[in-house]
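What follows is one structure encoded as structure tokens, with my remarks underneath.
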Amino acid sequence: MRAATPPPVAPTGDHHDLAIALFAVIVLVTLAITLLAGRRRGGAEDFYAGGRDFTPLQNGFALSGDYLSAASFLGVAGLIALYGYDGVLYSIGFLVAWLVVLMLVAELVRNAGRYTLADVLALRLRRRKVRAAAGGASVVVTLFYLVAQMVGAGSLVALLLGTNSAQARTWTIVAVGGLMIVYVTVGGMRATTWIQIVKAVLLVAGSVLLTVLLVVRFHGDVAELMRQAAQHSGAGQRYLEPGLKYGKSFTSRLDFFSLGLALVLGTAGLPHILSRFYTVPTARAARRSTMWAIGLVGGFYLMAIALGLGATALVGSAEVRHANSAGNTAVPLLALVLGGGNGSTGGVVLFALISAIAFATILAVVAGLTLASSAAFAHDIWAGAWRCRPRRTGAGRGDRRSRARGRRAVVPASRRSRRAAVSRTGGDGRAGTGAGTGAADGTPTVAEREEVLVARIAAVGIGAVAIVLSLFAQQLNVAFLVGLAFAVAASANLPVLLYSLFWRRFTARGAVCSVYGGLIPAVVLVAFSPVVSGTKVALFPGMDFHWFPLENPGIVSIPLGFLAGWIGTLTSPEPADPDRFAELEVRSLTGAGAA
């Protein structure tokens, strides 16, 4: 069988109307979900955790929706279409990462935390500096991830409109940024979760449809599919062998190892994934959610491999690269061919449908990322670190009453009876730290309303920053951009999380050193890497100030994060509190006292 389909192009003329109409439907549906969810005005628990009443199946779909981003649907398939075997290895890293999440963090994080990663740390490391460091790292990670999604949105809509103009991509990025701000500020976690569920169902259904059409097209002959892919790749048999992208030199092979390390370890440190475990009522439900997510994610990546091969076989690597130099539009172009080709009604309908699903994917993921970053800022940095300053009180038994009066002055009356419980569910042990669960009748307290307001304002600011950064990164592959986010998460968040959960001697100084010791090297190495300057596809192609040879910093920054935490702990002037570690250990393993 020989592929006789002519090189496809984006639909033109009146065919744009159908695709734009489907985009409009996606936007209207998601806005309707947001408005319905926003009618329920709860406190911090409802805004950050959606009331903790989602089932494992619902949360499993939401988890997979959060994880299967534009990098998965557009970027991974595009890498396979351009680089064959090396792109397949990329997808394996994304999948294997979930085993780390399942075995090491899912249940423990659900039991030990309340809303964010910093809550887990603050249970035994009750320092404002720890919360500030963890919250800042979470904001940086989500910004990297947000940029990837919005770049994917720009590429997708530019292809849909049949133009490569920077103006079309720019306005798309601005529009997506505006929508994500509305989703978070109006609907919170409840709206974000339902948007993720709808998006996951659409994404899996669209992938199944394309895969079935592809299998029918090749009469179930996988060998023929691979032969056609190699023939139309421009690289011949090398397309099916390792090394087309990462095997040209020792540096490129080392870069691939660095990337794989970041992908496998980074998922367990992604703030928007960790926060999703708090939307279910128990740790057992969190574990079951993860198992559902593994099944959905695994099935999707198997289909992504087939779709990437199909794009090369039926569209051709040259045409994929011509439409978008990073390969981000391979799947929509494949849909156009499988539907009947350019100019056919079926091709245009399928192209528009898959493009709309990809657009829904981006909208859902950016909402989850924006919520995670705004929660980190409001709950960890503003409420946990800046607002809750240590109080100056006298020492000794005689001053106990004045200390009690000070605490009552800070903690609202409706929460005094629950003060001890709040301190054990993720606060940093100081009066007024962290949000409670509201008054006895479910009414949010004044402190909670203030914190949620700050979170909504933070969502606006973070969205604006993400828009600006995305405008400079439009030529980079979205999967690669996500790889950078994974590297930062694995360098800054994972070491401090594992140390806190499993190392008895770990101290607050060790936590701060671990976060900054991984975060700062990762960001600095990226800034001076070929991603930013020195190549034609860099952020600043006309400049060259790079000195770090690798595109992904994980191989250096991840060990530095662990090393910094170890050195910080050994040099700490205060030893670890064994009682607090025992409290964390019992609670993380049994769920006793969990929120």
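Predicted, not measured: the structure shown is a model, and the values here were computed from it. Scope of the values below: all heavy atoms of this structure, side chains included, with no hydrogens, waters or symmetry mates.
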Under 3.5 Å, side chain of D119 to main-chain N/O of Y115, donor-acceptor pair present?
yes
Got L179 and L31 here, is their nearest side-chain heavy-atom distance under 4.5 Å?
yes
Student check: side-chain heavy atoms of R190 and L36 closer than 4.5 Å
no
What are the two closest non-hydrogen atoms of I181 and A459, and how far apart are they?
CG1-O, 3.8 Å
Carefully, step by step, assess V488 and L519 under the rule side chain to side chain contact (heavy atoms under 4.5 Å, CB included).
CA-CA 6 Å; V488 178; L519 175 65; 3.6 Å; yes
Evaluate side chain to side chain contact (heavy atoms under 4.5 Å, CB included) for V365 paired with K199, printing each intermediate quantity in order.
CA-CA 9 Å; V365 173; K199 164 255 177 143; 3.4 Å; yes
Student check: side-chain heavy atoms of R276 and T192 closer than 4.5 Å:
yes
Whether R110 side chain and V280 backbone form a donor-acceptor pair below 3.5 Å:
yes
Distance, nearest 0.5 Å, that separates CG of L453 from OG1 of T185:
11.0 Å
Considering all heavy atoms, the nearest A466-S470 contact
O-OG, 2.7 Å
Would you call F486 and N552 a side-chain contact if the rule is heavy atoms closer than 4.5 Å?
no
So which atom in A118 and which in R131 form the shortest heavy-atom distance, rounded to 0.1 Å?
CB-NH1, 4.0 Å
Tell me, yes or no, whether the heavy-atom count around R580 atom CZ, taken from other residues, nucleotides or ligands under 6.0 Å, exceeds 12.
yes
Heavy-atom closest contact (A262 atom, I558 atom, distance):
CA-CD1, 4.1 Å
Go through the steps for Y48 and E451 under the test side chain to side chain contact (heavy atoms under 4.5 Å, CB included), then give the verdict.
CA-CA 11 Å; Y48 293 136; E451 184 177 320; 3.0 Å; yes
Salt bridge (Lys or Arg N to Asp or Glu O under 4.0 Å) contacts touching residues 90-103 (sequence neighbours left out)
none
Can you sort out the partners of Y67 under ring-ring contact (aromatic ring centres under 6.0 Å, His included), two or more places apart, ordered by chain and number?
W98
Separation between OG1 of T193 and CZ of F54, rounded to the nearest 0.5 Å:
4.0 Å
Can you check whether V331 reaches I354 side chain to side chain, under 4.5 Å on heavy atoms?
yes
Polar side-chain atom of S500 near backbone of L497 as donor-acceptor pair, under 3.5 Å
no
Kindly compute the distance separating OG1 (T290) from CG (N59), expressed to the nearest 0.5 Å.
8.0 Å
Find the distance between CD1 (I33) and CH2 (W194) and round it off to the nearest 0.5 Å.
9.0 Å
Please lay out, stage by stage, how T361 and L68 fare under the test side chain to side chain contact (heavy atoms under 4.5 Å, CB included).
CA-CA 8 Å; T361 295; L68 297 176; 5.8 Å; no
Polar contact flag, side-chain donor to acceptor under 3.5 angstrom, R288-T55
no
Heavy-atom closest pair, residues S64 and A293
N-CB, 4.3 Å
Can you sort out the partners of L202 under side-chain contact (heavy atoms from CB on, under 4.5 Å), two or more places apart, ordered by chain and number?
I26, V198, I357
Between T279 and S275, is there a donor-acceptor pair closer than 3.5 Å when you use the side chain of the first and the backbone of the second?
no
How many angstroms lie between CG in N111 and OH in Y278, if you round to the nearest 0.5 Å?
9.5 Å
Within the distance-only criterion (no hydrogens, no angle test), does the side chain of R124 pair as donor or acceptor with the backbone N or O of F506 below 3.5 angstrom?
yes
Should N493 and L274 count as side-chain neighbours, where that means a heavy-atom distance under 4.5 Å?
no
Can the ring centres of F562 and Y499 be said to be less than 6.0 Å apart?
yes
Please report the shortest heavy-atom distance between P332 and F351, naming the atom on each side.
O-CD1, 3.1 Å
Give me the one residue out of T211, I80, I92 that meets side chain to side chain contact (heavy atoms under 4.5 Å, CB included) with I305.
I80
Using a 3.5 Å distance criterion without hydrogens, assess whether the side chain of R456 forms a donor-acceptor pair with backbone atoms of V184.
no
Non-hydrogen side-chain atoms of I294 and V101 separated by less than 4.5 Å:
no
Distance from L63 atom CG to H272 atom NE2, nearest 0.5 Å?
9.5 Å
